[in-house]
Amino acid sequence: MDSNEIVPACDGEEFTARVNGGDWIVAWHPGSKAPEGTPHGATAICLTADGGLVLIGNDGERWGLPGGRPEKEESWVQTLHREVLEEACATVVQARLLGFSRGRCVAGPEKGLVLVRSMWRAEVELAPWKPQFEIAHRRVVPAEAWSAISGSGGSGLGS
């Protein structure tokens, strides 16, 4: 196996990650049922009708996917719609839940915290770019270009 090849984890398979000064144990869970933990929002792979992948960023150099935390009693899908509108100036036309990531902090300032985030594939319509919140840049690239931008290898986002 090539040392740069990405091997996906199986559902429920745990791996460790260091985030914001803490050690986390993270696992992917299918969309059939949210795992136990505190709802921590939604993130979306946003695709336009012509096959574009919508990316956002703060500095115009590093790019990511729109998403964020729930407000008050928002559902997973309500958070998805609001965050995509706020961060990408885009309206979700159709969305499919892909699954959930669940992280448990085992060391650091958030030790004991268990967070769950929903992940979506969303078809979106772009509005004119008028950032009003924390995101300063939006970029639309061919979905196939994601691996070159993210360094993540093939992703199959276009299907």
For Arg104 and Val114 the tightest heavy-atom approach is CG-CG2, 3.9 Å

Of all heavy-atom pairs between Cys105 and Glu110, which one has the smallest distance, and what is that distance?
CB-O, 3.2 Å

Thr38 side chain to Val116 main-chain N or O, any donor-acceptor pair under 3.5 Å?
no

Counting neighbours of CD on Glu125 that are heavy atoms of other residues, nucleotides or ligands and sit closer than 6.0 Å, is the number greater than 12?
no

Arg69 side, atom CZ; Thr79 side, atom OG1 - distance, nearest 0.5 Å:
12.0 Å

Minimum heavy-atom separation for Trp120 to Ala42, with atom names?
NE1-CB, 3.7 Å

Does the Arg117 side chain pair with the main chain of His40, one donor and one acceptor, at a distance under 3.5 Å?
yes

N/O donor-acceptor pair under 3.5 Å between Glu83 side chain and Pro66 backbone:
no

Considering all heavy atoms of both residues, which atom of Phe133 and which atom of Glu86 are nearest to each other, and what is their separation?
CE1-CG, 3.5 Å

For the atom pair OG1 (Thr43) and CE (Met119), what is the distance rounded to the nearest 0.5 Å?
5.0 Å

Keeping the roles fixed (side chain from Arg138, backbone from Cys89), state whether a donor-acceptor pair exists under 3.5 Å.
yes

Assigning hydrophobic clusters by single linkage (Ile, Leu, Val, Met, Phe, Trp, Tyr; side-chain heavy-atom cutoff under 4.5 Å), is Val84 placed with Leu126?
yes

State yes or no: do Trp76 and Leu80 share one hydrophobic cluster built from I, L, V, M, F, W and Y residues joined by side-chain heavy-atom distances below 4.5 Å, directly or via other members?
yes

Measure the shortest side-chain to side-chain distance between Arg121 and Gln94 over non-hydrogen atoms and say whether it is less than 4.5 angstrom.
no

Rounding to 0.5 Å, atoms NE2 (His81) and CD (Glu74) come to a distance of 11.0 Å

Could you tell me which non-hydrogen atom of Gly41 sits nearest to which non-hydrogen atom of Pro70, and how far apart they are?
N-CD, 3.3 Å

Tightest non-hydrogen contact, residues Leu97 and Gly31, listed as CD2-O, 3.5 Å

Assess the residue pair Val26 and Val19 against the criterion (side chain to side chain contact (heavy atoms under 4.5 Å, CB included)); give the C-alpha distance rounded to whole Å, side-chain angles, the decisive distance to 0.1 Å, and a yes or no.
CA-CA 11 Å; Val26 182; Val19 180; over 6 Å; no

So with a 6.0 Å cut-off around CD of Glu73, is the heavy-atom count from everything else above 12?
no

Residues Thr16, Asp23; criterion side chain to side chain contact (heavy atoms under 4.5 Å, CB included); working and verdict
CA-CA 7 Å; Thr16 60; Asp23 295 325; over 6 Å; no

In the single-linkage hydrophobic clustering (I, L, V, M, F, W, Y; side-chain heavy atoms under 4.5 Å), do Val140 and Val92 co-cluster?
yes

May I have the step-by-step check of side chain to side chain contact (heavy atoms under 4.5 Å, CB included) for Val124 and Leu47, ending in yes or no?
CA-CA 6 Å; Val124 300; Leu47 301 168; over 6 Å; no

Quick one: do Val141 and Trp63 end up in the same hydrophobic cluster if we chain Ile, Leu, Val, Met, Phe, Trp and Tyr together by side-chain heavy atoms under 4.5 Å apart?
yes

A quick test of your reading: do over 12 heavy atoms of other residues, nucleotides or ligands sit less than 6.0 Å from CG of Asp59?
yes

Side chain to side chain contact (heavy atoms under 4.5 Å, CB included), that's the test. Do Asn58 and Ile135 meet it? Break it down for me.
CA-CA 5 Å; Asn58 289 322; Ile135 302 302; 3.6 Å; yes

What about Leu53 and Ile56, same hydrophobic cluster or not, with Ile/Leu/Val/Met/Phe/Trp/Tyr joined at side-chain heavy-atom distances under 4.5 Å?
no

